Amino acid sequence: MSKRVALVTGGIGGIGSAICEALLAQGRTVVANCHPSEEQDAVKWQAAHKEKGMDMEIFPADVSSFEDASAMVEDIIKRHGSLDIIVNCAGITRDKTLKKMDVGSWTAVISVNLNSVFNVTRPAIDGMLNNGFGRIVNISSVNGQKGQFGQTNYSAAKAGMHGFTMALAQETARKNVMVNTVSPGYIETAMTAAVPEDIRNAIIATIPAARMGQPKEIADAVAFLSSDDNTYITGANLPVNGGLYMG
Ligand code: CAA
């Protein structure tokens, strides 16, 4: 069997990096996508990983654009022969209460967090169905399950991701294309570091595990769901949140 090829969108971010490392450790060929504006950071990220013996590709492309995302997917398939695993991890926040929310903050979050899932998955799905193998993991959020003050845009996008998961899972299960969601809680990354400290501490106080999560704790769940051994879990939403929300 040839090496499976995995694409991780938002692959150089806090959670994305850990996912890339976990998939590489499983023997996957890993392509880490980043936004074109992050290309220089991505080059440094790639070099730092290479120094540690982790050889991964980087692919700058704006996944909120269907043209960019499909060009990226087509290029990967052309060079590697297939795209077998997609982890839709690209995500941003623009936290504001609805009474202060401008159209730009709504549209940016829906475009990057939700439309990207369609933009990346649509051009890859025919190949997965034809090959009789595919693993898609959508990185949602606890806040897509329970909502969060100041996140109407983010909670809507993250809940939408799981709707996509459940629908696509039904369309593809017969062809061994397993589609799942992982819903992280509050994980130690730049995104959660941007939450004002007093609010962050108040949230941590409500987590039964009494701490924030680590990116690797998300990556381990993604590695299992995207493995060849996962032949029967599909359409699931796996919470990895230290007990913050039990749906
Ligand atoms: N519940 C109810 N009321 C609340 C509240 C809450 N959780 N938080 C604040 N309020 C109240 C305040 O007490 C205040 O009341 P008064 O007007 O009576 O004084 C009022 O709401 C403030 O409303 P504003 O519209 O003025 O809000 P703000 O501009 O001060 O701040 C915010 C809004 C920027 C969204 C801020 O609340 C915030 O940063 N919240 C954190 C949001 C968050 O958790 N984001 C997660 C980011 S990480 C991530 O998303 C990763 C992941 O997947 C988990």
Side-chain angles (χ1 to χ4, degrees), residues 8-20 22 33-35 38 63-64 86-117 120 136-166 180-222 225 236-247:
V8 181
T9 73
I12 69 163
I15 293 178
S17 289
I19 293 171
C20 287
N33 155 261
C34 66
H35 190 269
E38 299 168 328
V63 290
S64 70
I86 294 174
V87 183
N88 285 305
C89 185
I92 59 168
T93 52
R94 295 283 185 276
D95 294 354
K96 288 177 178 86
T97 49
L98 188 68
K99 64 186 181 184
K100 295 180 181 170
M101 180 103 37
D102 51 293
V103 178
S105 299
W106 173 264
T107 308
V109 169
I110 299 294
S111 301
V112 175
N113 298 17
L114 180 58
N115 291 347
S116 64
V117 177
V120 174
I136 298 165
V137 183
N138 294 322
I139 307 301
S140 178
S141 166
V142 64
N143 293 343
Q145 297 181 285
K146 69 166 188 56
Q148 171 65 16
F149 187 98
Q151 288 198 308
T152 49
N153 49 3
Y154 187 86
S155 298
K158 292 298 188 182
M161 288 175 85
H162 187 55
F164 179 99
T165 291
M166 293 187 291
N180 290 289
T181 299
V182 169
S183 285
Y186 282 72
I187 307 301
E188 277 185 24
T189 64
M191 185 182 274
T192 52
V195 175
E197 197 178 2
D198 53 334
I199 297 178
R200 194 170 60 244
N201 287 339
I203 292 168
I204 295 170
T206 66
I207 302 173
R211 64 172 177 87
M212 289 175 68
Q214 294 300 319
K216 183 177 180 301
E217 294 174 311
I218 304 305
D220 289 343
V222 174
L225 289 172
N237 187 355
L238 181 62
V240 187
N241 64 28
L244 177 57
Y245 179 77
M246 303 170 191

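Keep in mind it's a predicted model, so treat the numbers as computed, not measured. Note that ligands are numbered from 1 as they come in the structure, with each ligand's atoms numbered from 1 the same way.
- Shown here, atom 3 (N) of ligand 1 is in close reach of the protein: a heavy atom of it lies under 4.0 Å off.
- Between the side chain of T152 and the backbone N or O of L98, no donor-acceptor pair lies under 3.5 Å.
- No donor-acceptor pair closer than 3.5 Å links the side chain of S183 to the backbone N or O of V142.
- For atom 1 (N) of ligand 1, the nearest non-hydrogen atom of the protein is F149 CD1, 3.4 Å.
- Looking at K100, Q151, K96 and measuring to atom 24 (P) of ligand 1, the nearest heavy atom belongs to K100.
- Scanning I203, I199, D95 for the heavy atom closest to atom 36 (C) of ligand 1 points to I199.
- Atoms of ligand 1 lying under 4.0 Å from any heavy atom of S141, numbered from 1 in the order shown and given with element: 52 (C), 53 (O), 54 (C).
- Side-chain atoms of T9 come within 3.5 Å of backbone N or O of C89 as a donor-acceptor pair.
- One option in A194, G150, P184 has a heavy atom closer to atom 35 (C) of ligand 1 than any other, and that option is G150.
- Scored by the salt bridge (charged side-chain N to carboxylate O under 4.0 Å, His left out) test, K146 finds no partners at all (sequence neighbours excluded).
- Set against the non-hydrogen atoms of N143, the atoms of ligand 1 under 4.0 Å away are 54 (C).
- Contact annotation: for I187 versus ligand 1, there are no heavy atoms closer than 4.0 Å.
- Atoms of ligand 1 lying under 4.0 Å from any heavy atom of Y154, numbered from 1 in the order shown and given with element: 49 (C), 50 (O), 51 (C), 52 (C), 53 (O).
- Every atom of ligand 1 is numbered from 1 in the order shown, and the set under 4.0 Å from a heavy atom of Q148 is 42 (C), 43 (C), 44 (O).
- Of the possible polar contacts, one joining the N153 side chain to the R94 backbone as a donor-acceptor pair under 3.5 Å is found.
- One N or O on the side chain of T189 and one on the backbone of M191 form a donor-acceptor pair closer than 3.5 Å.
- Distance screen at 4.0 Å: atom 43 (C) of ligand 1 has a protein heavy-atom neighbour inside the cut-off.
- Counting atoms of ligand 1 from 1 in the listed order, those under 4.0 Å from a heavy atom of T192 are 48 (S).
- With hydrogens and angles ignored, the 3.5 Å screen pairs a side-chain donor or acceptor of S17 with a backbone N or O of I12.
- Of the protein's heavy atoms, none falls inside 4.0 Å of atom 14 (C) of ligand 1.
- When side chains are defined from C-beta on, N138 does not count as touching V182, because their heavy atoms never get closer than 4.5 Å.
- By the 4.5 Å heavy-atom criterion applied to side chains, N115 and I110 are counted as neighbours.
- Residue contacts with ligand 1, taken as heavy atom pairs separated by less than 4.0 Å, involve K99 solely via side-chain atoms from C-beta onward.
- Per-atom contact check: atom 53 (O) of ligand 1 touches the protein, criterion being a heavy-atom distance below 4.0 Å.
- Among all protein heavy atoms, the one lying closest to atom 39 (O) of ligand 1 is P196 CD, 3.5 Å.
- Remark: T206 OG1 to Y245 OH distance equals 13.5 Å, nearest 0.5 Å.
- Residue T93 places no N or O, backbone or side chain, under 3.5 Å from any N or O of ligand 1.
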Next on the checklist: Could you walk me through whether H162 and T181 satisfy the side-chain hydrogen bond (donor to acceptor under 3.5 Å, both in side chains) test, starting with their C-alpha distance in whole Å, then the side-chain angles of each, then the deciding distance to 0.1 Å, before giving a yes or no?
Outcome noted: CA-CA 6 Å; H162 187 55; T181 299; 2.8 Å; yes
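- By the 3.5 Å distance cut-off applied to N or O atoms, T97 is counted among the residues near ligand 1.
- Using a 4.0 Å heavy-atom cutoff, G185 is listed among the residues neighbouring ligand 1.
- No donor-acceptor pair under 3.5 Å is formed between the side chain of K100 and the backbone N or O of G150.
- Considering backbone and side-chain atoms alike, Y186 places an N or O below 3.5 Å from some N or O of ligand 1.
- For atom 31 (O) of ligand 1, the nearest protein heavy atom lies 4.0 Å or farther away.
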